[in-house]
Number of protein chains: 2
Amino acid sequence: MSNIREVARLAGVSVATVSRTLSHPEMVSEATQKRVMKAVDQVNYQPNMLARNFRSARSYSLVVLVPDIANPFFALVIRSIERQAQKKGYSVLLGDTQDSSEREQDYIRLVETRLADGILQLRPISDQFHAGSKFSFPYLHVCSTESTDGPCVRVDNAKAFEQMTAYLISLGHQRIGLITGREENPHTVDRMKGFQKALADGGLPFDTNLVASGDYSIWSGVNAANALCQSGIQPTAIACMNDEMAIGAIQALKAQGLRVPEDVSVTGFDDISYARYCDPPLTTIAQPADLMGTLAVDMLLQQLNGESLPCQEKVLPYEFIVRQSTAPAAQ
Amino acid sequence: MSNIREVARLAGVSVATVSRTLSHPEMVSEATQKRVMKAVDQVNYQPNMLARNFRSARSYSLVVLVPDIANPFFALVIRSIERQAQKKGYSVLLGDTQDSSEREQDYIRLVETRLADGILQLRPISDQFHAGSKFSFPYLHVCSTESTDGPCVRVDNAKAFEQMTAYLISLGHQRIGLITGREENPHTVDRMKGFQKALADGGLPFDTNLVASGDYSIWSGVNAANALCQSGIQPTAIACMNDEMAIGAIQALKAQGLRVPEDVSVTGFDDISYARYCDPPLTTIAQPADLMGTLAVDMLLQQLNGESLPCQEKVLPYEFIVRQSTAPAAQ
DNA sequence: TTGTATGCGTTATCAG
DNA sequence: CTGATAACGCATACAA
């Protein structure tokens with residue numbers, strides 16, 4: 001309501017002095033500062049950030065693009081992004097794209113129109129991002145993949161999934177089912193690579209009949225698991241590309257009267273909270289969600305401030321967690 | 001990069017005409033419009049929203065305050081808030097308060113400094129909100145409680161929890177345990193009321209030994225359930241104030257060798273996705289998360305536009321969902 | 001250390 | 001229908 005002019009008048013100084021007192025106190029004498037601050041309190045002055053941002057041509061906010069905020073893994077990453085951003089004086093604009101490139105485009109426009117200073121992309125949809133075409137604005141991929149161009153922070157999805165698959169093979173499993181996400185999804189691509197590599201290394205054939213596709217939702221896990229069971233070739237283990245599909249799969253298997261892990265082993269990816277509390281607790285890969293978020297913000301802000309990034313790509317360690325959803329193959 | 005002046009120059013018109021073409025095309029002749037749009041394309045002009053917002057003294061963004069974005073119920077509400085806001089031309093600033101009133105205060109400052117036009121409060125912490133003191137800016141409580149002052153959209157938490165408890169009583173349960181959230185939490189207060197009312201109506205005593213407090217997290221559900229079991233009075237049913245604590249409780253009970261629901265019935269609240277897929281599937285109360293979010297945005301925007309709200313408080317219907325986590329008391 | 005004056009990009013008012 | 005110009009609130013270059 002009150003503006004800088006009013007404060008200046010009340011304190012008997014110029015607006016410039018008020019501005020300086022608030023932004024660069026070291027340039028103002030203590031006596032004047034006191035007078036200004038008193039006036040500020042008197043009228044309960046709050047600087048108009050809309051004006052300040054406009055003037056400095058910065059919005060001090062970041063867009064975080066996420067396919068679905070209701071996905072607990074993404075929620076974890078976002079939580080840490082928000083925390084770090086706030087700490088650095090930035091706000092985060094939530095962009096739930098629902099895997100719609102149109103919505104994604106709308107949010108890109110937000111930074112083109114200066115309403116945001118940069119974009120944190122948790123999962124790309126648009127060809128623009130796919131193609132890795134350079135944007136004119138600061139952006140960064142989080143939890144992204146090998147093939148991604150541009151700066152990113154991620155884990156080695158291929159390696160992690162390879163390790164998981166190798167583990168199943170080491171347990172004696174020969175017919176390993178796979179429940180994937182949508183195939184154009186970068187995560188899907190990388191994890192698939194790891195799956196196939198482990199199979200090859202283990203001397204096992206890659207049988208497309210053992211692959212069922214989902215979309216990373218619980219429900220799709222249920223469907224995919226059912227499809228796998230009805231395919232005739234009963235797998236003794238099912239590797240899922242995320243925890244939610246694994247949870248769905250377990251439920252479907254149980255509904256069919258199969259026991260997990262005695263009859264079928266099931267594995268997930270992400271280590272969401274429920275992975276630990278489902279029955280049986282899930283063998284999975286833990287991604288360092290907190291670290292990813294924090295690092296992502298830091299790296300984006302570096303770009304924003306014109307500092308060159310020390311490295312374009314930050315690959316973080318993951319953790320392989322064995323719980324009770326996996327067991328030796330029953331032969 | 002390019003500004004309105006450049007476009008004007010290129011099109012051979014005044015900046016006013018460019019502005020009008022973009023904001024009120026009906027005031028500009030078609031011929032001029034064409035010329036302007038051509039120039040816009042040529043320099044790939046994107047209006048500077050920072051300037052536009054500054055000029056119109058509106059940020060066109062809303063703050064949504066949530067205790068924890070990783071809570072799947074809140075995530076659901078936020079998803080629908082974001083969707084509706086975007087549809088109406090508003091952005092959503094995510095404010096994950098982590099139940100810290102300091103962080104909450106920081107976000108309140110966002111609207112005081114004009115960076116946000118209003119606040120959607122998913123769960124209050126500060127005394128300011130508790131006391132229901134009127135703010136000078138538009139705000140609205142979502143999923144809030146009876147005692148809340150000011151505009152809000154919610155379900156009747158007390159009634160819902162009463163119905164749930166009455167259901168357990170009707171199944172013959174006499175020793176009903178209760179796992180609460182933090183007691184100062186408004187949801188906790190209302191649900192507690194409902195619990196006590198059902199007990200009274202059913203002629204059952206309210207025994208504080210049967211009450212264990214958690215904090216709405218899975219982990220706290222585990223602890224609370226263990227405490228309940230070790231208290232000596234073994235409850236035959238446990239009503240939890242949300243699904244996550246119920247999931248934790250079920251896990252703890254199983255770990256103790258108890259069967260759910262044969263030995264102990266367990267109920268939740270919210271109907272998050274996992275409620276349906278845990279083992280056994282959870283009997284719970286479904287809140288209309290989507291509707292809540294949509295309505296919340298609509299009501300807040302009404303305040304923002306100076307329209308008086310038709311009603312200060314919108315109480316939405318909930319759904320009582322019986323699944324397999326509840327059974328008649330084993331006597 | 002402080003004040004004066006200018007400009008940021010846009011919209012709105014007022015003439016023409 | 002169009003153009004000139006004055007705001008909006010603040011930050012800063014420059015002068016004092």
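Every chain is numbered from 1, with letters handed out A, B, ... down the list of sequences.
- Every residue two or more places apart in sequence or in another chain was checked for a salt bridge (Lys or Arg N to Asp or Glu O under 4.0 Å) with B/Glu6, and none qualifies.
- Residues satisfying the side-chain contact (heavy atoms from CB on, under 4.5 Å) test with B/Val111, not counting sequence neighbours, are B/Ala116, B/Ile119, B/Phe137.
- Summary for the helix from C/dT1-D/dA16 to C/dG16-D/dC1: the axes at its two ends, each from 5 pairs, differ by 40° when rounded to the nearest 10 degrees.
- Shown here are the salt bridge (Lys or Arg N to Asp or Glu O under 4.0 Å) partners of B/Arg182, two or more places apart in sequence or in another chain: B/Asp99, B/Glu184.
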Taking only distance into account, with no hydrogens and no angle test, what donor-acceptor pairs under 3.5 Å do side-chain atoms of residues 85-95 of chain B form with protein atoms, sequence neighbours excluded?
| from | atom 1 | to | atom 2 | distance (Å) |
| --- | --- | --- | --- | --- |
| B/Gln86 | OE1 | A/Arg103 | NH1 | 3.3 |
| B/Tyr90 | OH | B/Arg58 | NH1 | 2.8 |

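- Between A/Ser29 and A/Thr32, some side-chain heavy-atom pair lies under the 4.5 Å cut-off.
- Protein chain A contacts DNA chain C over a range whose 5' and 3' limits, counting nucleotides with an atom under 4.0 angstrom from a non-hydrogen atom, are C/dT1 to C/dG9.
- Spacing between atom CE of B/Met27 and atom P of D/dT2 amounts to 10 Å, rounded to whole angstrom units.
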Footprint string (nucleotides 8-16 of chain D, 5' to 3'): B base within contact, S backbone only, - free, heavy atoms under 4.0 Å: BBBBBB---

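- Among pairs with a residue in residues 10-28 of chain A, those fulfilling side chain to side chain donor-acceptor pair (under 3.5 Å) read A/Ser14-A/Thr17, at least two apart in sequence or across chains.
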Expected list for residues 36-54 of chain A: side-chain donor-acceptor pairs under 3.5 angstrom, two or more places apart:
| from | atom 1 | to | atom 2 | distance (Å) |
| --- | --- | --- | --- | --- |
| A/Asn48 | OD1 | A/Leu50 | N | 2.8 |
| A/Asn48 | OD1 | A/Ala51 | N | 3.2 |
| A/Asn53 | ND2 | A/Ser59 | O | 3.3 |

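- Here side chain to side chain donor-acceptor pair (under 3.5 Å) pairs that include residues 287-296 of chain A, with residues two or more places apart or in two chains, are A/Asp270-A/Gln287.
- Not a single salt bridge (Lys or Arg N to Asp or Glu O under 4.0 Å) links A/Asp117 to another residue, sequence neighbours left out.
- Pairs passing the salt bridge (charged side-chain N to carboxylate O under 4.0 Å, His left out) check and including a residue from residues 62-71 of chain B, sequence neighbours excluded, read A/Arg79-B/Asp68.
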